[in-house]
Amino acid sequence: KPYTIDGTGWVNRETRNIAGFWRKVMVPQEFSGKRVILRFNSTAHDATLWVNGKFVRKHWGSYGSWTADITDFVQAGSEAVLAVRLDQRPVGLVPFVRFSANFQGDVQLYAVPQNYIQRLRIHTDLDAAYKDATLQLWLKFPEAASGTLKLSLVDAKGKKLATSPSSIKLPAGMDEFKYNFAVKNPKKWDSEHPNLYKLTLTLTDASGKVTETITKNVGFRKLERRGKKVYVNGQEVKFKGIWGPDDA
């Protein structure tokens, strides 16, 4: 369960598009032995984070959330000082980005197991006949992570779809990697037939203990652009819309 750090409790110092926010927060004792994560829902534009006076990371962006692993900078059961510097000066890319409030939404502090999935990206592809599929997972783990990742694909009726392989052992010494899983003749996704499968990823540590389970919806489809035409699963699709006030 995340602990919400009330945005109104932050102390703000602002001078000429550069703002500084800081506050103290107690790190719960039950976070001991886990990875401690700090999540910001929205900051603009160039953010720099320090914890207990030590630099943690930088982030650029206005609308997306971002996280920082602050395990090495805090101690469970003790108070921590969080400080954020936001630079909104109209330089670089800033003039081309729609403005967002400089400090928006909640900030959350939460804990995860030592073995956990830091980042997950899912991509699907189909063979030349648009029949059999490849499910590609782009994964990132803590550098010291070890164990096994198991997969399960289930359709809307609860029927399990086989993948090859059905599990992988985390590569030693690799914190980020891509892995392809073969899927035989899944139901395809398109706008008229939005077939989805429930993908469940179960992460176990070296002793076989489950440390994390993630569930995502996946649709198997292939997008292609040939010249000025767009195809989904080999079938041409057309787009209709406008951009801006009146430009077609």
Side-chain angles (χ1 to χ4, degrees), residues 1-2 33-35 37 39 41 64-67 69 108 110-225 230-239:
K1 177 183 177 181
K34 299 180 179 180
R35 307 300 300 181
I37 310 297
R39 173 189 170 97
N41 281 332
S65 61
W66 57 281
T67 61
D69 187 328
Q108 294 177 323
Y110 60 94
V112 296
Q114 292 289 341
N115 252 23
Y116 77 105
I117 299 175
Q118 286 182 304
R119 184 162 64 241
L120 167 65
R121 182 181 177 185
I122 301 172
H123 177 72
T124 64
D125 196 8
L126 302 178
D127 62 13
Y130 305 100
K131 181 182 178 182
D132 295 332
T134 299
L135 174 67
Q136 183 184 81
L137 302 184
W138 185 356
L139 300 149
K140 180 173 175 59
F141 297 87
E143 292 184 8
S146 62
T148 301
L149 185 69
K150 299 179 181 179
L151 280 81
S152 172
L153 271 175
V154 178
D155 66 15
K157 295 182 179 179
K159 183 180 179 180
K160 189 173 182 179
L161 184 66
T163 63
S164 180
S166 60
S167 65
I168 57 170
K169 187 175 181 180
L170 302 190
M174 291 183 63
D175 64 336
E176 190 167 8
F177 63 94
K178 295 179 183 179
Y179 203 95
N180 292 333
F181 298 84
V183 182
K184 191 172 182 62
N185 194 25
K187 295 178 181 178
K188 312 307 183 294
W189 180 99
D190 59 47
S191 58
E192 286 77 30
H193 310 89
N195 297 304
L196 291 176
Y197 288 86
K198 183 171 73 172
L199 171 66
T200 301
L201 302 176
T202 304
L203 181 63
T204 61
D205 61 18
S207 67
K209 180 183 177 182
V210 175
T211 61
E212 186 176 23
T213 300
I214 294 179
T215 300
K216 297 283 187 180
N217 287 328
V218 176
F220 288 92
R221 83 284 184 273
K222 182 170 186 174
L223 306 179
E224 299 171 282
R225 180 172 64 85
V230 176
Y231 294 80
V232 177
N233 303 340
Q235 300 296 316
E236 183 185 356
V237 296
K238 297 182 182 296
F239 293 88

(request) Any chance you could measure Leu137, atom CG, to Ile122, atom CD1, to the nearest 0.5 Å? (result) 6.0 Å

(request) Ignoring hydrogens and angles, tell me if any N or O in the side chain of Lys188 forms a donor-acceptor pair with the backbone of Pro186 under 3.5 Å. (result) yes

(message) So, taking the atom named CG in Asp205 and the one named CG in Leu170, what distance separates them when rounded to the nearest 0.5 Å?
(response) 10.5 Å

(request) Walk me through it: do Leu135 and Leu199 pass the test side-chain contact (heavy atoms from CB on, under 4.5 Å)? (result) CA-CA 10 Å; Leu135 174 67; Leu199 171 66; 4.2 Å; yes

(message) Between Asp175 and Gln118, does the side-chain contact (heavy atoms from CB on, under 4.5 Å) criterion hold? Intermediate values first, please.
(response) CA-CA 9 Å; Asp175 64 336; Gln118 286 182 304; 5.6 Å; no

(request) Enter the distance from Lys187:NZ to His193:NE2 here, rounded to the nearest 0.5 Å. (result) 11.5 Å

(request) Kindly say whether Gly219 contributes a backbone atom to a donor-acceptor pair with the side chain of Asn195 at under 3.5 angstrom? (result) no

(request) Please work out which of the three classes, parallel, tilted or perpendicular, describes the rings of Tyr197 and Phe220, given edges at 30° and 60°. (result) perpendicular

(request) Check for a donor-acceptor pair, side chain of Asp127 on one end and backbone N or O of Asp132 on the other, with a separation under 3.5 Å. (result) yes

(request) Decide if atom NZ of Lys140 counts as having more than 12 heavy atoms of other residues, nucleotides or ligands within a radius under 6.0 Å. (result) yes

(message) Treating Asn233 as the side-chain partner and Lys222 as the backbone partner, does any N or O pair qualify as donor plus acceptor under 3.5 Å?
(response) yes

(request) Please state whether the rings of Tyr179 and Phe181 are parallel, tilted or perpendicular, taking 30° and 60° as the class boundaries. (result) tilted

(message) Quick one: does any side-chain atom of Glu212 pair with a main-chain N or O of Asn115 as donor and acceptor, under 3.5 Å?
(response) no

(request) Report the distance from atom CG of Asn217 to atom NZ of Lys198, rounding to the nearest 0.5 Å. (result) 9.0 Å

(message) Checking side chain to side chain contact (heavy atoms under 4.5 Å, CB included) between Thr211 and each of Val112, Ile117, Leu203, which is the one that passes?
(response) Leu203

(request) Return yes when atom CD of Gln235 has more than 12 non-hydrogen atoms of other residues, nucleotides or ligands closer than 6.0 Å, and no otherwise. (result) no

(message) Within this structure, what is the NZ-OG distance for the pair Lys169 and Ser146, rounded to the nearest 0.5 Å?
(response) 8.5 Å

(message) Return the CD1 to OH distance between Ile37 and Tyr110, rounded to the nearest 0.5 Å.
(response) 5.5 Å

(message) Between Thr204 and Gly147 (side chain of the first, backbone of the second, donor and acceptor by atom type, cut-off under 3.5 Å), is there such a pair?
(response) no

